[in-house]
Structures are given as structure tokens and as C-alpha cells.
*Asks:* 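Below is a structure I'd like to ask you about.
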Amino acid sequence: MANKEPLIITSKDEMKQWSRSARSNGKTIGLVPTMGYLHDGHLTLIQESQKHTQHTVVSIYVNPGQFSPNEDLSTYPSDFVGDIQKLKDIGGVDVVFHPQNLYDYGKKKNDGSVKNGEQEDGKTVSCVDNSGMGHETWVRVEKLEKGLCGKSRPVFFRGVATIVAKLFNIVEPDVAVFGKKDYQQWRIIQRMVRDLDFGIKVIGADLIRDKDGLAKSSRNVHLSAHERERALSISKSLFNAKFAAEHGHVDCRELIDSVIKAIKKADGKVDYVEIVDQESLEALKEIRSPAVFCVAATFGNVRLIDNMEINVR
């Protein structure tokens with residue numbers, strides 16, 4: 001028997017109604033926020049949600065708020081039809097929440113296209129209100145967002161936290177699952193949930209790698225075969241550093257230098273290589289407690305992130 005296709009909801013009011021109906025029937029809800037172009041890493045997040053809840057909602061929303069002006073939002077890969085088929089194949093996904101827009105930036109368009117909140121042919125093209133007043137409220141997790149990716153992408157985590165908070169308010173899940181590949185993002189969402197008293201359990205699912213060791217990412221599709229081969233220097237050097245740390249080499253500067261050298265030798269452009277505390281994300285000089293080795297580097301025009309938890313004895 002074929003798996004049932006998930007219900008596709010685009011309206012935030014309809015999404016709230018669905019969630020509240022499920023809750024009234026005593027059901028628990030898990031949310032897996034994504035930007036689409038789903039791969040095996042996303043599917044493991046869904047499977048994790050299914051372990052903890054009776055219903056699973058997958059959101060597919062490419063969030064403009066986490067792209068800086070020098071990043072081209074239009075190049076982010078998208079395959080909504082393919083995503084729905086993958087969700088149907090895996091089974092157990094009840095709803096796909098696919099809003100067209102969740103934040104009104106108040107920018108007027110000069111090309112004649114429909115603005116946020118307006119209607120065309122009687123169909124709503126946005127989830128924001130049509131008052132004509134742009135949104136101006138942002139959620140920031142001030143300390144955790146400053147380091148790592150926050151250094152080169154200063155608006156990124158503001159955009160992430162704000163939209164995730166909106167998704168939490170709309171879907172009202174009991175559990176939300178995030179991938180540890182985006183380690184800083186996972187910790188920021190955990191802290192936001194704690195600080196703002198969301199009644200949601202935030203679960204971090206382990207990073208998933210392809211057979212060659214490259215961390216799964218929707219951006220990998222933009223790598224040429226040669227770039228992908230060179231990008232393997234990230235995971236290979238991280239595995240070597242983890243092995244060294246777990247066998248007594250705990251000086252962070254030495255470990256960091258070894259990874260930077262490997263990436264540069266492969267003609268990669270290093271954004272950052274850091275070893276930080278797993279919870280505070282503060283930089284460490286020596287690994288004496290649970291740490292995470294975080295890397296961001298660019299190959300070709302593709303910025304890749306990766307990390308590896310190190311739990312010394």
C-alpha cells in the first residue's frame with residue numbers, strides 16, 4: 001500500500017486550526033523546519049520526530065531574512081514537487097507547511113509584481129497581513145549569535161530565530177528537530193526556547209554524511225566534481241583532528257592549524273576554523289570538556305559548514 005501524500009497547507013490560520021484540532025484529540029506534534037530541496041539528512045530529522053510524536057509537520061520555507069545583501073537568494077536550490085515525493089516515499093509526514101511569505105520587509109516593488117499581503121486573482125500570495133505596514137520585530141540570541149557563522153553573516157541568526165519563533169507560534173509543536181550540522185543554529189534555537197518559555201523540546205539530530213564523508217547539504221548540488229573532491233579536505237582533516245584530540249593532543253591551536261593547512265592545500269578559502277565549548281560556543285585553548293570543532297570554508301562559489309563533536313575522557 002502506497003504511503004499517503006501529506007496535506008499541504010499554505011495559510012498560517014489553517015495551520016493553526018489543524019494543530020489545535022490534533023491537540024484537542026490528544027495528539028502530539030513534531031515540527032521539522034526546512035528550506036526545502038530535501039536530502040537524506042532532512043529525512044533523518046523526520047524519522048527522529050516520528051520517534052517522539054504522533055504527528056509530524058515539515059515546514060518548507062526559504063527564509064529571505066537569513067540571507068545578507070551579497071548572497072543571492074534566487075540561487076538557493078528548490079524542488080517542491082520532488083520534496084513532496086520524498087516525503088510521500090518516507091511516509092509518516094502528516095502536513096507540509098509551505099507559506100509563501102512569513103515576514104513583511106516593507107519594501108515596495110517597482111516591477112509591477114504583487115507586494116506582500118496583497119491578493120491576485122482572489123488567491124492569497126502571502127502569509128503576512130495586508131495592512132501595508134512592514135514588520136519590525138526581530139528575535140536575537142545576542143551572545144550565541146556573535147561567533148562562528150555570525151562573524152561573517154551578521155544578520156543570519158536574527159533571521160533564523162525570528163522565523164523559527166513564528167513557525168513555533170503557528171504550528172505549536174511539542175517537539176522540534178534540528179540537525180547538528182548547523183550546530184550554532186541548533187544551540188541558538190535551544191537557548192531561544194529556554195529564554196522565551198516556549199513549551200517545546202528541541203532535539204538535535206546527528207550530522208549525516210555522504211559515503212565519501214562530505215556533510216549532507218542542499219548546497220552540495222552546486223559543487224563541481226573537482227570542487228567536491230577538494231571539499232573532502234574538511235571532513236578528512238576533522239576526523240584526523242578528532243582522533244588526535246581523543247588520543248591526548250588537546251592543544252586547540254595545533255589542531256586548528258592542522259585543519260586550516262589541509263583546507264588551504266586543497267585550494268579552499270577558510271572562513272573560520274574554531275574549537276568551542278558545546279553549549280556556550282566559547283572558544284577553547286585546550287580540550288578538557290565536551291567541545292565541538294566547527295569549520296566554514298568555500299570551494300568554488302559554495303560555502304560549506306561542517307563540525308565534529310569531541311568528547312574527551
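Please read these numbers as outputs of a predicted model, since none were measured by experiment.
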*Asks:* Using the rule that two of Ile, Leu, Val, Met, Phe, Trp, Tyr join whenever any of their side-chain heavy atoms come within less than 4.5 Å, decide whether L223 and L207 are in one cluster.
*Replies:* no
*Asks:* Where do P290 and D277 come nearest, in terms of heavy atoms and distance?
*Replies:*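 For P290 and D277, the tightest heavy-atom pair comes out as O-OD1, 3.8 Å.
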*Asks:* Quick check: does any side chain N or O of Q184 sit under 3.5 Å from a backbone N or O of G147, one acting as donor and the other as acceptor?
*Replies:*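 Side chain of Q184 to backbone of G147: a pair is present.
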*Asks:* Side chains of Q278 and N311 only: does a donor on one sit below 3.5 Å from an acceptor on the other?
*Replies:* yes
*Asks:* State whether the side chain of Q50 and the backbone N or O of G91 hold a donor-acceptor pair below 3.5 Å, judged by distance alone.
*Replies:* yes
*Asks:* Just by modelled atom types, is the F243 backbone N or O under 3.5 Å from a matching donor or acceptor in the H247 side chain?
*Replies:* yes
*Asks:* Using 30° and 60° as the class boundaries, would you call the ring planes of Y183 and W186 parallel, tilted or perpendicular?
*Replies:*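 The rings of Y183 and W186 stand perpendicular, inter-plane angle above 60°.
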*Asks:* Considering all heavy atoms of both residues, which atom of R209 and which atom of A215 are nearest to each other, and what is their separation?
*Replies:* NH1-N, 3.9 Å
*Asks:* Taking all non-hydrogen atoms of both residues into account, name the closest pair between L87 and P6 and its distance.
*Replies:* CB-CG, 4.3 Å
*Asks:* Any chance the side chains of D104 and H135 put a donor and an acceptor closer than 3.5 Å?
*Replies:* no
*Asks:* For residues L304 and I234, determine if any side-chain heavy atom of one lies less than 4.5 Å from a side-chain heavy atom of the other.
*Replies:*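 They are in contact (side-chain heavy atoms under 4.5 Å apart), so the answer is yes.
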*Asks:* Would you check if I29 and T53 make a side-chain contact, meaning some heavy-atom pair closer than 4.5 Å?
*Replies:* no
*Asks:* For the residue pair P33 and S59, what are the closest heavy atoms and their distance?
*Replies:* CA-OG, 3.0 Å
*Asks:* How about K201: does its NZ atom have over 12 heavy atoms from other parts shown lying under 6.0 Å from it?
*Replies:* no
*Asks:* Establish whether I60 and I189 are linked, either directly or via other cluster members, by ILVMFWY side-chain heavy-atom contacts under 4.5 Å.
*Replies:*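 Unlinked, I60 and I189 end up in two clusters.
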*Asks:* Please determine if D306 and K181 form a salt bridge, counting it only when a charged side-chain N lies under 4.0 Å from a carboxylate O.
*Replies:*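 Here D306 does not pair with K181 in a salt bridge, since their nearest N and O are not under 4.0 Å apart.
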*Asks:* Looking only at atom types and distance, does a side-chain atom of D83 sit under 3.5 Å from a main-chain N or O of L38, one as donor and one as acceptor?
*Replies:* yes
*Asks:* Measuring from H55:NE2 to D94:CG, what's the distance to the nearest 0.5 Å?
*Replies:* 5.0 Å
*Asks:* When you look at M192 and F168, which way does the side-chain contact (heavy atoms from CB on, under 4.5 Å) test go after all the steps?
*Replies:* CA-CA 11 Å; M192 178 189 77; F168 286 172; 4.0 Å; yes
*Asks:* State, yes or no, whether a side-chain contact exists between Q190 and V202 at a heavy-atom distance under 4.5 Å.
*Replies:* yes
*Asks:* Might you point out which heavy atoms bring S49 and G30 nearest each other, and give the distance in Å?
*Replies:*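 Closest approach of S49 to G30, heavy atoms only: OG-CA, 3.5 Å.
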*Asks:* Between T298 (side chain only) and N301 (backbone N and O only), is there a donor and an acceptor less than 3.5 Å apart?
*Replies:* no
*Asks:* I'd like to know if the side chain of D210 reaches the main chain of G213, judged simply by a donor and an acceptor atom lying under 3.5 Å from each other, with no hydrogens or angles considered.
*Replies:* no
*Asks:* Please say which of L255, V292, V259 ends up in a side-chain contact (heavy atoms from CB on, under 4.5 Å) with I275.
*Replies:*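 Going through L255, V292, V259 one by one, the side-chain contact (heavy atoms from CB on, under 4.5 Å) with I275 is satisfied by L255 alone.
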*Asks:* Between R288 and E286, is the closest basic N to carboxylate O distance under 4.0 Å?
*Replies:* yes
*Asks:* Between the side chains of R187 and E145, is the shortest nitrogen-to-carboxylate-oxygen separation below 4.0 Å, so that they form an ion pair?
*Replies:* no
*Asks:* Nearest 0.5 Å, what's the CZ-CZ distance between R191 and R194?
*Replies:*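 R191 atom CZ to R194 atom CZ measures 5.0 Å (nearest 0.5 Å).
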*Asks:* Taking a hydrophobic cluster as the set of Ile, Leu, Val, Met, Phe, Trp and Tyr residues connected by side-chain heavy atoms closer than 4.5 Å, whether directly or through intermediates, do I200 and V141 fall within one such cluster?
*Replies:* yes
*Asks:* Is any side-chain N of the basic residue among K146 and E142 closer than 4.0 Å to the acidic one's carboxylate O?
*Replies:*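 So K146 does not pair with E142 through a salt bridge.
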*Asks:* CG/L148 to CG/L281 distance, rounded to the nearest 0.5 angstrom?
*Replies:*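 Reported to 0.5 Å precision, the distance equals 6.0 Å.
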*Asks:* Ion pair present between D251 and K285, side-chain N to carboxylate O less than 4.0 angstrom?
*Replies:* no
*Asks:* Mind checking whether F299 and E229 have side chains closer than 4.5 Å, heavy atoms only?
*Replies:*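 A side-chain contact under 4.5 Å is absent here.
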*Asks:* For a side-chain contact (heavy atoms from CB on, under 4.5 Å) check, start with the C-alpha distance between V96 and L7, then their side-chain angles and the critical distance, and finish with the verdict.
*Replies:* CA-CA 6 Å; V96 171; L7 174 66; over 6 Å; no
*Asks:* When rounded to the nearest 0.5 angstrom, what distance separates CG in N240 from CE in M308?
*Replies:*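 Going from the CG atom of N240 to the CE atom of M308 covers 9.5 Å.
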*Asks:* Looking at D271 and K151, is there a salt bridge between them, counting it only when a charged N and a carboxylate O are closer than 4.0 Å?
*Replies:* no
*Asks:* Using a 4.5 Å cut-off on heavy atoms from C-beta on, say whether the side chain of Q66 contacts that of M35.
*Replies:*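 A side-chain contact under 4.5 Å exists here.
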*Asks:* Could you point out which residue of K166, K12, K27, R20 forms a salt bridge (Lys or Arg N to Asp or Glu O under 4.0 Å) with E172?
*Replies:*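 Only one of K166, K12, K27, R20 forms a salt bridge (Lys or Arg N to Asp or Glu O under 4.0 Å) with E172, namely R20.
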*Asks:* OG of S152 to CZ of R303: how many Å apart, nearest 0.5 Å?
*Replies:* 4.5 Å
*Asks:* Do the side chains of V155 and V139 join up, straight or via other hydrophobic residues, at under 4.5 Å, putting them in one cluster?
*Replies:*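 Cluster IDs for V155 and V139 differ.
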*Asks:* Using the six-membered ring wherever Trp is involved, compare the ring planes of F80 and H98 and label them parallel, tilted or perpendicular (cut-offs 30° and 60°).
*Replies:*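 Aromatic pair F80/H98 classed parallel.
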*Asks:* Do I84 and I8 make a side-chain contact, defined as non-hydrogen atoms from C-beta onward lying under 4.5 Å apart?
*Replies:*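 They are in contact (side-chain heavy atoms under 4.5 Å apart), so the answer is yes.
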*Asks:* Do R253 and D257 sit within salt-bridge range, that is, some charged N less than 4.0 Å from a carboxylate O?
*Replies:*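 Between D257 and R253 there is a salt bridge, with a charged N closer than 4.0 Å to a carboxylate O.
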*Asks:* How about W138 and F157: are their ring centroids closer than 6.0 Å?
*Replies:*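 Distance test on ring centres: not under 6.0 Å, no.
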*Asks:* Go through S78 and V62 one step at a time and tell me if the side-chain contact (heavy atoms from CB on, under 4.5 Å) criterion holds.
*Replies:* CA-CA 9 Å; S78 176; V62 180; 5.8 Å; no
*Asks:* Side-chain contact test, heavy atoms from C-beta onward, threshold under 4.5 Å: evaluate it for R23 versus D174 and give yes or no.
*Replies:* yes
*Asks:* Is a side-chain donor-acceptor pair under 3.5 Å present for Q85 with D89?
*Replies:*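 Short answer, yes.
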*Asks:* Could you check whether any side-chain N or O of N3 sits under 3.5 Å from a backbone N or O of K88, counting only pairs where one atom can act as donor and the other as acceptor?
*Replies:*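 Judged by distance alone, yes, a pair lies under 3.5 Å.
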*Asks:* Answer whether the closest heavy-atom distance between the side chains of Y76 and S218 falls below 4.5 Å.
*Replies:* yes
*Asks:* Can V57 and V93 be said to form a side-chain contact (heavy atoms from CB on, under 4.5 Å), step by step?
*Replies:* CA-CA 6 Å; V57 176; V93 175; over 6 Å; no
*Asks:* How far does OH of Y103 sit from OG1 of T162, to the nearest 0.5 angstrom?
*Replies:*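 Reported value, rounded in 0.5 Å steps: 6.0 Å.
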*Asks:* Please answer whether the main-chain N or O of F178 pairs with a side-chain N or O of D182 as donor and acceptor at a distance below 3.5 Å.
*Replies:* no
*Asks:* Taking all heavy atoms of K16 and all of N169, pick out the closest pair and write down the distance.
*Replies:* CE-O, 3.9 Å
*Asks:* List the steps and the verdict of salt bridge (charged side-chain N to carboxylate O under 4.0 Å, His left out) for R228 and D212.
*Replies:* CA-CA 10 Å; R228 184 184 178 100; D212 61 5; 2.9 Å; yes
*Asks:* Is a salt bridge present between K242 and E309, judged by a nitrogen-to-oxygen distance below 4.0 Å?
*Replies:*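 Between E309 and K242 there is no salt bridge, as every charged N stays at least 4.0 Å from the carboxylate O atoms.
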*Asks:* In terms of hydrophobic clustering (I, L, V, M, F, W, Y; side-chain heavy atoms under 4.5 Å; direct or indirect links), are I208 and I46 co-clustered?
*Replies:*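 Looking at the clustering, I46 is in a separate group from I208.
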